[in-house]
Amino acid sequence: MSVAVKKSPLFNNRKSFKHPKSTWMDAGDDDRKRKTPLKVNAGLLSNGYHKSPSDGPSLKRARKSINGHAGSEGEGRRFSVSLASTKQLPLQEQRSKLPIAKGKDALIQEFRENEVTVLLGETGSGKTTQVPQYLLESGIARDGMIAVTQPRKVAATSLATRVAVEQNVTLGSSVGYSVRFDERSSSETRIKYMTDGMIVRELMSDPLLSKYSVVIVDEAHERSLRTDLLIANLKTILRQRNTPQDVKGKGKGRADTNPLKIIVMSATLDAEKFGRFFSGAKIIYVQGRQHPVKIYHSSQGQVDYADAAMRTFFQIHTEYPPGDVLIFLPGQEDIESLEKTIQIYANQLPQDRMSVLMCPMYASQAPGQNSKVFRPTPPNTRKCILATNIAETSITIPGVKFVIDTGKCKEKRYLARNTGGGFDTLLTRDITQSSAMQRAGRAGREGAGYCFRLYTEDAFKTMALSSEPEIMRCSLSSSLLQLKCIGQDLETLELMDQPADESMKSSLILLFFLGALNQKKEITSIGRQMAAFPLEPIFSRAIIASKEYGCTHEVLDIVSILSASSKIFVESSEQRDAVSEARHTRKLTSPRARADCKDWCRRHFLNERALLEANDIREQLRQTCQRLGIDHQTSCGDKEDPVIHSLGHGLAMNLALLQPDGSYKQTIGQAIVKIHPSSTLCDKKTPAIIYDELVYTNQIYARGVSRISKSFIMTLGMLKQES
DNA sequence: GAGCACTGC
């Protein structure tokens with residue numbers, strides 16, 4: 001043990017600090033089953049469901065990195081390396097060495113015989129890249145297209161890139177992709193990787209998905225809102241497109257039918273549920289290829305997970321061989337404070353020790369801040385990566401050998417109110433078992449690794465198996481409106497999990513309030529126009545209202561920025577005052593040339609990527625306006641009222657009035673809300689406000705706040721009575 | 001006085 005560490009005040013104070021041998025319980029047995037990575041194909045069972053080991057990094061990890069070059073599966077990364085290295089195996093040989101390859105013929109046979117197949121594949125099995133190629137090469141796809149859906153854009157694009165190379169074709173010819181703002185596909189395209197949101201959008205113009213002969217739903221276990229909507233629709237489409245097999249031998253099907261095959265790819269935990277949903281679907285298990293990860297559990301519960309994480313880090317640093325450490329924490333606040341603490345103690349280490357390189361990682365970080373995490377670790381240094389869930393599925397960090405898992409994450413959950421409103425909560429909670437496995441798996445990417453869980457094995461066992469499907473915990477108004485467009489309804493559509501009545505009711509009320517649905521719950525012409533925009537209904541309604549107020553130009557600007565995925569304002573605790581000054585007082589006039597944008601953004605603490613995304617969104621909205629015959633150029637100049645009033649039509653349920661005590665009370669619903677401290681209107685005592693969202697953390701905060709006149713609120717009330 | 005992660009022809 002390092003003398004320096006023992007000397008540090010923290011450890012002197014902490015009698016509870018224990019040597020790893022006694023602190024950590026060896027969870028153990030998951031290693032043995034994975035010792036021989038290539039001996040996998042016996043694992044391809046055409047019948048029944050192989051239970052994966054009860055613990056261990058067996059879940060499929062997500063794929064892709066923020067800088068875009070990590071492939072979807074482990075072999076994807078290796079592949080991108082092989083382009084530059086002659087020492088690598090030839091391409092086809094690489095393909096044939098994938099775990100899934102030896103089961104190829106049996107797999108193809110199963111796909112041929114079954115309408116629906118559930119494929120359980122562990123990390124590194126190669127299923128996402130190989131199965132579409134098998135389907136194409138074996139003729140199962142006939143002359144239709146094969147769609148492979150992904151929850152994330154980078155996954156879709158990098159998978160397509162890789163499969164195009166394996167097929168030796170140009171990307172966009174027979175292998176392509178389609179994600180928002182970016183499409184590489186043509187009339188030739190046979191295998192199309194796409195985001196689940198994209199194919200759900202396609203449903204609106206082609207409710208039977210008749211272009212596709214096979215739809216592969218990948219990462220189905222993540223249960224994203226759009227994956228769930230897709231799966232529900234696929235079941236309906238199956239009934240409509242596939243001729244029922246009457247009697248054996250007679251079930252040839254009509255010549256004019258265009259039957260659909262469905263392959264659901266999932267990690268192990270939820271497999272049976274998918275199988276049950278598509279009654280009688282075949283479940284097939286494919287073993288993966290992942291290095292063993294030794295998992296330790298804490299012998300007792302930890303009260304202070306940040307402190308425990310720090311002590312564990314130094315245990316690793318002083319007692320284990322080189323290799324980077326990845327610490328999972330719930331949020332930015334924890335990351336920033338732990339970064340400081342670890343740095344202080346790391347500075348006290350003796351000179352001859354390995355030094356520590358801190359790498360914080362979270363989504364709202366200034367762009368470029370996190371680039372050092374992807375650079376090779378300097379000699380005689382250990383990276384300490386402090387990350388949110390961003391490192392669990394979205395970003396793959398090379399070189400990680402040790403994972404410290406606090407067992408906590410932040411979860412966004414929508415609380416619907418019967419009034420039609422509702423608000424988001426963002427609270428720290430325990431992670432799920434599948435999340436814990438995913439985190440542990442992050443230590444086994446490049447070699448054997450270790451995972452230290454700051455919770456007991458019993459605590460692990462009492463965790464939920466997997467997180468609640470997104471459809472159960474988000475606002476449904478946008479999805480409901482989309483479904484209404486194709487004559488469907490959340491109440492009648494057969495979903496894997498049905499959202500709460502209150503949540504559906506609240507969406508109905510909101511859509512009614514916005515004029516998108518009438519009293520009979522039928523879609524109105526306003527509703528159809530709203531659904532054409534890839535926006536939350538509150539924003540599409542504002543665009544439609546802007547026609548009347550003559551300010552579509554301005555409203556498009558605002559809505560684009562509000563619906564960009566990350567906030568355009570950069571957050572930095574160290575330069576908080578400068579950021580605040582920039583936000584409150586500077587006039588932000590954009591530079592003409594895009595080339596200046598990066599520097600201009602940095603000087604004004606703006607997130608360049610978010611601004612560019614907003615720009616893309618704006619262009620898309622402009623095209624939608626054009627299609628709908630809304631003149632996107634009408635402008636109100638410098639006048640504020642038309643803009644606020646347009647937004648007011650969309651945000652009519654998001655109004656609050658100043659109370660004598662300085663708080664705000666909603667005009668609909670009774671909640672007391674506070675203006676979020678990041679708002680320029682905080683402490684300004686504006687009599688009436690309008691906001692774009694409510695978030696409950698330790699209080700209910702209104703974010704995206706604007707001033708609005710009380711007299712206009714009265715007008716809105718009148719309008720409501722008229723409709 | 002404060003910000004988990006994704007996504008949309």
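Just so we're on the same page: letters track the sequence lines, and every chain starts at 1.
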Quick one: is B:dA2 close enough that its OP1 or OP2 comes under 4.0 Å of any side-chain N or O from A:Thr697?
->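 No, no such contact exists.
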Under 4.0 angstrom between A:Lys153 side-chain N/O and B:dG8 OP1 or OP2 = yes
Taking only residues two or more places apart in sequence or in another chain, which ones pass side-chain contact (heavy atoms from CB on, under 4.5 Å) with [X]?
| X | result |
| --- | --- |
| A:Asp489 | A:Leu480, A:Lys484, A:Glu491, A:Thr492 |
| A:Met472 | A:Glu468, A:Pro469, A:Asp497 |
| A:Glu333 | none |

Write down the distance between [atom1] ([X]) and [atom2] ([N]), rounded to a whole number of angstrom.
| X | N | atom1 | atom2 | result |
| --- | --- | --- | --- | --- |
| A:Asp616 | B:dT7 | CG | P | 13 Å |
| A:Tyr212 | B:dC9 | OH | C1' | 10 Å |
| A:Gln332 | B:dG1 | CD | P | 19 Å |
| A:Ile486 | B:dC9 | CD1 | P | 14 Å |
| A:Ile617 | B:dT7 | CD1 | P | 11 Å |
| A:Leu562 | B:dT7 | CG | P | 19 Å |
| A:Arg180 | B:dG8 | CZ | C1' | 5 Å |

Mind checking what makes side chain to side chain donor-acceptor pair (under 3.5 Å) contact with A:Tyr177, not counting sequence neighbours?
-> A:Asp182
Give me the residues of residues 534-545 of chain A where at least one heavy atom lies under 4.0 Å from an atom of DNA chain B, by number, or none.
->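 Result for residues 534-545 of chain A: A:Pro534, A:Leu535, sorted by number.
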Of the residues in residues 191-211 of chain A, which ones touch DNA chain B at a heavy-atom distance under 4.0 Å?
-> A:Thr195, A:Gly197, A:Met198, A:Arg201, A:Ser205
Name the nucleic acid region contacted by A:Thr388, choosing base, sugar-phosphate or nothing; use a 4.0 angstrom heavy-atom cut-off, strictly under.
-> sugar-phosphate
Determine the contact category for A:Glu183: base if any of its heavy atoms lies under 4.0 Å from a base atom, sugar-phosphate if only primed atoms, P, OP1 or OP2 are that close, otherwise nothing.
->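 The residue A:Glu183 makes no contact with any strand.
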Tell me the side chain to side chain donor-acceptor pair (under 3.5 Å) pairs involving residues 530-546 of chain A, sequence neighbours left out?
->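 Residue pairs with at least one partner in residues 530-546 of chain A: A:Ser546-A:Thr552.
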Selection from [options] that lies nearest to any side-chain heavy atom of [X]:
| X | options | result |
| --- | --- | --- |
| A:Tyr701 | B:dC4, B:dA2, B:dG8 | B:dA2 |
| A:Tyr362 | B:dG8, B:dG1, B:dA5 | B:dA5 |
| A:Lys412 | B:dA5, B:dG1, B:dG8 | B:dA5 |

Looking at residues at least two apart in the chain, or sitting in another chain, which of them share a salt bridge (charged side-chain N to carboxylate O under 4.0 Å, His left out) with A:Arg703?
-> A:Glu693
Contacts under 3.5 angstrom, residues 422-431 of chain A side chains, donor-acceptor by atom type, not counting sequence neighbours:
from     : atom 1 : to       : atom 2 : distance (Å)
A:Thr425 : OG1    : A:Arg413 : O      : 3.1
A:Arg429 : NH1    : A:Glu411 : OE1    : 3.4
A:Asp430 : OD1    : A:Lys408 : NZ     : 2.7

Using a strict 4.0 Å threshold on nitrogen-to-oxygen distance, state whether A:Glu613 and A:Arg618 make a salt bridge.
-> no
If you look at every heavy atom in A:Lys192 and A:Ser178, which pair is closest and at what distance?
-> CD-CB, 4.0 Å
